[in-house]
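These notes concern the structure reproduced below.
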Amino acid sequence: MAIPSYKSPSRTSYDVVIVGGAVIGSSTAYWLSQKLGARASILVVERDSSYEFSSTALSTSAIRQQYSNPINVKISQFGVEFIKGFRERMAPFYTDEPAPDLGFRENGYLYCISPEGIEAARERVELQRSLGAHTVFLEPGPLKDLFPWLNVDDLGGGAWGSRDEGWFDSMGLLNGLRRAARASGIAYVDNAVTGLELTGGRVTAARLSTGETVSCGVLVNAAGPRAQQVAAMAGLSIPVAPYKRYSFVFASNTPIPGRMPNVIDLSGTFVRPEGELFLTGNTPLDDGPADYDDFETRHEEFDDRIWPALWHRIPDFEALRVMQSWTGHYEYNMLDHNGIVGFHPEVRNFMFANGFSGHGLQQSPAVGRAVAELIVDGAFQTLDLTPFRYERIPLDEPFMEEAVI
């Protein structure tokens with residue numbers, strides 16, 4: 001990993017310092033700029049502005065509404081709205097070129113359901129539909145009619161998001177948010193926070209790798225998989241750690257006709273089209289906290305577990321060839337797989353925006369807006385993310401999300 005060339009900030013004091021400039025940090029910066037305008041005094045500190053190893057760049061860039069928890073459904077509904085309207089929203093910040101289209105492929109998610117899981121799946125579909133989602137439950141016969149290449153012999157059915165689910169350009173989203181924030185006066189600096197100074201139950205300053213100390217009114221932890229490192233600088237702890245996820249792009253000798261969704265197999269393996277190729281991944285056997293700089297891919301995961309699952313579920317995937325692979329990190333919340341959003345009750349100006357467990361990209365529009373509301377307005381103004389509050393962590397009161405891939 002290359003040693004970054006860090007730069008010093010232009011000022012010594014900001015109202016808000018955001019640690020982490022990937023999609024959660026940049027969404028927060030964007031929404032703060034929209035609320036504060038010229039009054040914004042905000043610094044985003046990003047340790048690697050190439051984003052080569054960021055979870056944003058290494059994600060599979062998808063969004064769904066098939067969650068077990070109502071608030072996650074609503075968060076994704078706003079995310080889809082934001083993605084679909086992204087070009088128009090960003091247009092004022094792209095005066096010299098067209099604003100980016102995120103290329104949203106609205107193919108949906110298809111969750112394969114076991115015979116034993118039918119009742120729970122129907123309940124989730126009913127919940128999602130009651131909130132305005134377009135999920136449908138399909139019996140094996142209609143499922144086979146709609147997706148004739150799918151093996152349904154061992155399935156009780158499938159849950160398919162017929163609208164407002166799919167995948168998009170993750171870096172297009174990040175770059176647009178960054179551009180809009182910077183055009184609105186938000187400062188970005190290539191640097192790393194190495195320590196925090198606290199006085200009287202508040203963070204008063206952040207120390208940087210280049211030696212400067214930057215005073216702040218609010219400190220936002222948007223450090224992704226490194227969230228616990230930043231929390232520890234304030235003497236705090238959250239159950240968030242990097243978990244490795246391997247992604248493989250492969251070619252198939254037999255094409256899959258029609259509009260293929262993102263298929264979630266009973267094994268946990270997922271697969272979706274990626275142009276003429278296909279993208280797949282799973283929850284690996286060696287799942288658990290990883291080193292912050294460990295991005296090594298376990299290639300045996302494809303041969304030993306992913307390919308057999310793919311071939312069983314989609315028999316046309318008999319002859320495959322891996323073309324590309326990479327490893328990214330989930331910022332995994334080991335308590336309940338849900339985000340942690342809100343101020344710490346004792347270190348009163350320390351804001352958490354962490355632990356989204358693989359959902360951070362799709363949840364970033366709503367989360368960034370929510371963090372900005374807490375900072376500027378003192379309370380949530382749109383979606384109420386109170387269940388994501390930090391206080392549940394020391395109380396060991398999980399706010400569970402069951403639909404984690």
Side-chain angles (χ1 to χ4, degrees), residues 15-20 22-25 27-29 31-32 42 44-45 55 67 69-72 74-75 193 195-206 216-243 289 329-360 363-401 404:
D15 292 336
V16 181
V17 171
I18 300 172
V19 185
V23 74
I24 294 291
S27 177
T28 299
W31 286 106
L32 283 171
I42 299 162
V44 180
V45 182
S55 297
Y67 286 99
N69 200 299
I71 190 62
N72 284 330
K74 294 177 182 179
I75 287 171
V193 173
L196 300 175
E197 297 181 2
L198 284 78
T199 303
R202 298 179 65 84
V203 178
T204 55
C216 64
V218 172
L219 191 289
V220 179
N221 183 358
R226 295 178 181 270
Q228 171 52 28
Q229 286 185 325
V230 176
M233 295 175 192
L236 308 176
S237 181
I238 50 176
V240 174
Y243 275 50
H329 285 171
Y330 276 8
E331 55 165 326
Y332 202 74
N333 180 352
M334 295 175 281
L335 176 67
D336 57 18
H337 320 136
N338 263 316
I340 304 168
V341 179
F343 284 111
H344 190 273
E346 296 173 1
V347 185
R348 298 183 301 277
N349 65 338
F350 188 104
M351 169 72 72
F352 294 96
N354 311 113
F356 300 101
S357 304
H359 312 141
Q363 294 188 330
S364 61
V367 169
R369 182 180 64 174
V371 172
E373 290 169 355
L374 286 179
I375 292 172
V376 177
D377 304 308
F380 297 118
Q381 303 297 304
T382 48
L383 288 178
D384 183 3
L385 302 192
T386 301
F388 285 2
R389 69 196 185 283
Y390 165 82
E391 284 83 348
R392 77 185 194 276
I393 304 300
L395 293 173
D396 194 25
E397 295 180 351
F399 180 61
M400 292 300 301
E401 173 53 57
V404 177

Shortest non-hydrogen contact between F380 and T386, atoms and distance: CE1-N, 3.4 Å

Heavy-atom pair of closest approach, residues L335 and P239: CB-CG, 4.0 Å

Heavy-atom donor-acceptor pair, R202 side chain to T199 backbone, under 3.5 Å: no

Distance-minimising heavy-atom pair for V371 and A353: CG2-CB, 4.1 Å

Donor-acceptor contact present, side-chain Q381 to main-chain A379, <3.5 Å: yes

4.5 Å side-chain heavy-atom contact, N221 and L236: no

Check: T28 and M351 side chains under 4.5 Å, non-hydrogen atoms: no

Residue from F399, Y332, F356 passing ring pair (Phe, Tyr, Trp, His ring centres under 6.0 Å) with H337: Y332

Side chain N69, main chain M400, donor-acceptor under 3.5 Å: yes

N333 side-chain N/O to G339 backbone N/O, donor-acceptor pair under 3.5 Å: no

Distance-minimising heavy-atom pair for A206 and V193: CB-CG1, 4.2 Å

From OG (S357) to CD1 (I340), nearest 0.5 Å: 8.5 Å

For the student: nearest non-hydrogen atoms of A372 and W31, plus distance: CB-CB, 3.7 Å

Reported CD1-to-CG distance for the pair I18 and L32, which is rounded to 0.5 angstrom: 5.5 Å

For L198, the option from N349, L219, T204, V347 that meets side-chain contact (heavy atoms from CB on, under 4.5 Å): V347

Nearest-0.5 Å distance that lies between atom CZ in R226 and atom CG in N354: 13.5 Å

Shortest non-hydrogen contact from P225 toward S55: CG-OG, 3.3 Å

Donor-acceptor pair, side chain of S364 and main chain of S27, under 3.5 angstrom: no

Spacing of R369 atom CZ and I75 atom CD1 [to the nearest 0.5 Å]: 9.5 Å

Parallel, tilted or perpendicular: ring planes of H344 versus Y390, cut at 30 and 60 degrees: tilted

No-hydrogen, no-angle side-chain donor-acceptor test under 3.5 Å, H329 and Y243: no

P289 side chain reached by M334 side chain, heavy atoms, under 4.5 Å: yes

Under 3.5 Å side-chain donor-acceptor pair for Q363 and N72: yes

Interatomic spacing from OG1 in T382 to NZ in K74 - rounded to 0.5 Å: 11.5 Å

